[in-house]
Asker: 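First, the structure itself, so that you have it in front of you.
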Amino acid sequence: MKKLFIELCYQPFPMESIIAFIAIIISAGTIGILWKYKKSAEVVYLILIELFATIWALFSGLEFMADSLEMKMFWSQLSYFGIAFLPVSYFLFTAAFSQKFHIITASNVTLLSIIPFITIPVALTNEHHNLLWQSVTQNTVNFNTIMIEHGVWFWIYWSYAITLIIAGLYNLFQSIYKFTAYYKSQVSTLLIATLIPLFGNLIYITGFNPIPGMDWTPILFAFSGLAITFGIIRYRMFDLVPFARNSLIDTMTDGVIIVNSEGFIEDYNPAVNAIFKFDKPVIRNRFASVFSKHENLIKAIGTNDRTFIEVESEQYGTKSYQVQFSPVFNRNSQFSGYLIQINDITSLKETENKLKLVNKKLEAEVEERGRLIEDLDAFAHTVAHDLKNSLGSVYHLSEIIEECIEDGNIELLKEFSGHIKSSSGKAMHITHELLLLATVNHHEVENSPLEMGQIFLSAKNQVNGLIKETNAKISFPDRWPASLGYAPWVEEIWANYLSNALKYGGNPPVIHAGADASEHYVRFWIRDNGNGISPADQKKLFRKYSRLTPEKAEGYGLGLSIVKRIARKLGGYVGVESTGIQGEGACFWFELPVTHIDMRACQYNEN
């Protein structure tokens with residue numbers, strides 16, 4: 001070894017060795033650049049490629065420096081420590097880069113390494129069997145190189161190595177169709193880096209060699225390292241390599257679509273397919289044809305501004321999605337396409353709709369309470385004075401009654417008792433209207449089937465005194481159509497309508513009550529024989545404190561307003577029909593939801 005070291009120290013550096021050592025420096029520099037990316041599997045294999053190329057170039061450079069044929073063969077044999085595993089490392093690198101990790105298993109790596117492990121001892125023991133080299137002679141033109149006639153094992157190994165390189169090229173070509181435009185730049189760089197040393201090996205094998213006997217493969221691997229270094233610097237290769245894209249974007253629940261500047265889909269993740277359920281892959285299809293059913297999405301493609309669109313999909317029930325179109329520009333600020341993100345906002349929309357319903361309900365409640373407060377406030381101003389007078393009358397009359405009792409004046413006592421009854425009734429009527437108004441607005445009731453015949457009779461009993469006083473005649477059916485409502489409130493509607501018909505009807509009042517059923521509602525009505533109501537006056541009805549004939553009416557104009565509130569609360573309507581002609585009277589009606597249509601003819605009773 002000492003003699004060998006001394007011989008190397010005194011040997012001049014031939015041009016071939018200088019080229020080899022330059023290649024070593026370049027390869028070592030490439031390894032240094034790649035080292036900080038070593039967490040990526042493909043980078044590890046790329047580092048191995050450069051390491052084996054460095055070993056190969058080192059022993060090739062020493063081979064060129066050796067004087068004797070024996071020493072040149074010695075260094076050439078040692079170079080197989082770099083040559084043997086280089087094609088395997090290259091194939092594993094391309095498999096990792098193209099995301100074929102199912103290939104990179106311990107058993108497969110072991111199988112791929114069998115021929116390299118055999119090749120090294122075959123190279124070291126070639127003088128005993130000549131399987132690698134059949135003959136070795138020194139170049140008579142260039143004494144720095146040797147001329148080799150290759151043996152059987154060399155061609156076996158060379159065929160194996162070429163097969164792995166071709167398989168690696170296939171992996172990279174597949175990546176061109178699989179990855180987006182960003183990664184295609186990386187793949188192109190790697191293809192160039194692969195073809196450079198392959199070209200050098202073909203020069204050596206075919207004999208079309210500018211320096212006969214010199215294998216350019218390890219030298220050109222250095223230049224392939226330069227190409228990869230260029231890719232790292234320019235494209236930031238391995239900062240975001242395809243595996244990161246697959247592990248991040250493919251596992252996202254949000255959809256991601258890449259569309260190029262010509263409107264073709266470059267890439268999309270599985271979430272997009274889950275949302276739109278494509279029958280077949282749509283990469284390299286026009287975006288407009290793939291999403292032809294979504295015109296709003298197609299229109300968004302035509303603008304260079306960031307756009308937000310909402311779409312619905314019914315693949316798994318109706319779902320809502322927000323689609324964001326973000327224009328993408330290259331390093332020269334030129335438009336390159338769109339990044340489209342699809343976010344599931346179904347839960348947000350459902351929450352939004354629920355909030356809208358709640359807000360609408362609250363607004364209606366606030367409005368209703370506002371009207372109630374307004375009604376109560378105005379009603380209080382209207383009736384406070386009269387209520388005070390009624391109670392004041394009761395109070396003062398009670399004092400006079402005490403004096404009448406002491407004096408024994410029975411006749412005057414009877415007269416004042418009638419006045420007390422009248423004032424108390426008036427106060428009770430005011431209180432009843434107040435309580436009913438508050439109850440209708442504050443209480444929530446559930447509609448149920450109504451016994452309308454019983455309800456009508458109860459309302460009629462409320463106004464029996466007025467019926468006798470006016471000598472009125474009232475007709476009504478024996479059977480009523482079935483409807484839904486809340487009995488106590490419906491009774492108040494009938495009582496109000498009957499009271500008005502008795503007060504404003506003819507002399508004597510002739511009143512007819514009835515009902516007509518339709519598909520969804522039953523209309524209940526009361527018709528009188530009074531003077532009727534003009535169209536102008538009809539517009540004033542069902543409003544607060546509206547009394548068309550104050551001199552005939554008791555109360556404070558809340559009756560029809562309360563009727564309207566009751567009907568609306570029960571899901572129905574109110575109204576009036578009248579020609580305004582004297583003697584033809586008016587027909588007041590209210591509608592309630594129907595339970596089932598009863599079209600049987602109504603049979604009337606008179607009372």
Side-chain angles (χ1 to χ4, degrees), residues 1-28 31 48-87 115-158 161 197 200-223 225:
M1 291 297 293
K2 184 177 180 181
K3 181 182 177 182
L4 179 62
F5 178 74
I6 294 171
E7 182 179 343
L8 288 174
C9 291
Y10 285 94
Q11 287 295 329
F13 281 89
M15 178 187 66
E16 294 86 353
S17 294
I18 294 173
I19 295 173
F21 293 146
I22 291 173
I24 292 171
I25 295 171
I26 294 174
S27 295
I31 291 173
L48 289 176
I49 291 172
E50 291 301 311
L51 177 63
F52 291 133
T54 302
I55 295 172
W56 188 355
L58 172 64
F59 290 125
S60 294
L62 295 175
E63 175 192 329
F64 298 141
M65 291 176 61
D67 267 346
S68 63
L69 180 61
E70 181 183 0
M71 289 304 301
K72 287 184 180 294
M73 288 182 62
F74 173 72
W75 294 121
S76 186
Q77 287 172 319
L78 292 181
S79 67
Y80 271 85
F81 281 100
I83 296 171
F85 288 97
L86 203 151
I115 290 181
F117 273 119
I118 295 174
T119 301
I120 292 175
V122 167
L124 296 177
T125 61
N126 184 74
E127 62 271 15
H128 300 293
H129 47 69
N130 296 324
L131 289 175
L132 194 64
W133 304 322
Q134 288 184 354
S135 64
V136 181
T137 58
Q138 193 154 357
N139 193 337
T140 56
V141 178
N142 181 359
F143 292 99
N144 296 324
T145 62
I146 56 176
M147 304 301 293
I148 299 175
E149 183 180 348
H150 298 104
V152 175
W153 187 259
F154 174 85
W155 294 112
I156 292 174
Y157 172 78
W158 185 82
N201 186 257
L202 292 175
I203 289 176
Y204 172 71
I205 293 297
T206 59
F208 295 102
N209 199 335
I211 304 178
M214 181 175 177
D215 192 345
W216 292 88
T217 308
I219 312 300
L220 294 180
F221 256 113
F223 290 96

Asker: Using every non-hydrogen atom in the two residues, find where Met71 and Ala66 come nearest and quote the distance to one decimal.
Answerer: CB-CB, 3.6 Å
Asker: Write down the atom of Ile83, the atom of Tyr157, and the distance for their closest heavy-atom approach.
Answerer: O-OH, 2.6 Å
Asker: So which atom in Glu63 and which in Ser76 form the shortest heavy-atom distance, rounded to 0.1 Å?
Answerer: OE1-CB, 3.5 Å
Asker: With rounding to the nearest 0.5 Å, note down the distance linking CG in Leu62 to CZ in Phe21.
Answerer: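 It is 5.0 Å, given to the nearest 0.5 Å.
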Asker: For the residue pair Thr54 and Ile24, what are the closest heavy atoms and their distance?
Answerer: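 Closest pair (atom of Thr54, atom of Ile24, distance): CG2-CG2, 3.7 Å.
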Asker: Check whether any side-chain heavy atom of Ile115 sits under 4.5 Å from a side-chain heavy atom of Trp153, and report yes or no.
Answerer: yes
Asker: Keeping the roles fixed (side chain from Gln77, backbone from Ala123), state whether a donor-acceptor pair exists under 3.5 Å.
Answerer: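 Yes, because the side chain of Gln77 sits within donor-acceptor range (under 3.5 Å) of the backbone of Ala123.
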Asker: Could you measure the distance from the CD atom of Glu50 to the CG atom of Leu86? Nearest 0.5 Å is fine.
Answerer: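 Glu50 CD to Leu86 CG: 8.5 Å, rounded to 0.5 Å.
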Asker: Mind checking whether Thr119 and Tyr80 have side chains closer than 4.5 Å, heavy atoms only?
Answerer: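 Touching, per the 4.5 Å side-chain cut-off.
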Asker: Are Glu149 and Trp133 packed together at the side-chain level, in the sense that at least one heavy-atom pair is separated by less than 4.5 angstrom?
Answerer: no
Asker: Considering all heavy atoms of both residues, which atom of Ile120 and which atom of Ala84 are nearest to each other, and what is their separation?
Answerer: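 Shortest heavy-atom contact: CG1-CB, 3.8 Å.
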Asker: Hey, could you give me the OG/CE distance between Ser60 and Met65, rounded to the nearest 0.5 Å?
Answerer: 13.0 Å
Asker: So how far is it from Leu132 CG to Glu127 CD, rounded to the nearest 0.5 Å?
Answerer: 11.0 Å
Asker: Going from CD on Gln134 to CG on Asn126, what distance comes out if it is rounded to the nearest 0.5 angstrom?
Answerer: 9.5 Å
Asker: How long is the span from the CD1 atom in Ile118 to the CD1 atom in Ile156, to the nearest 0.5 Å?
Answerer: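 Answer for the CD1-CD1 pair, Ile118 versus Ile156, is 9.5 Å.
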Asker: For the residue pair Trp155 and Trp158, does the interplanar ring angle fall in the parallel (under 30°), tilted (30 to 60°) or perpendicular (over 60°) class?
Answerer: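 The arrangement is perpendicular - the two ring planes meet at more than 60°.
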Asker: Between Phe59 and Leu78, which heavy-atom pair has the shortest distance, and what is it?
Answerer: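 Of all heavy-atom pairs spanning Phe59 and Leu78, the closest is CD1-O, 3.4 Å.
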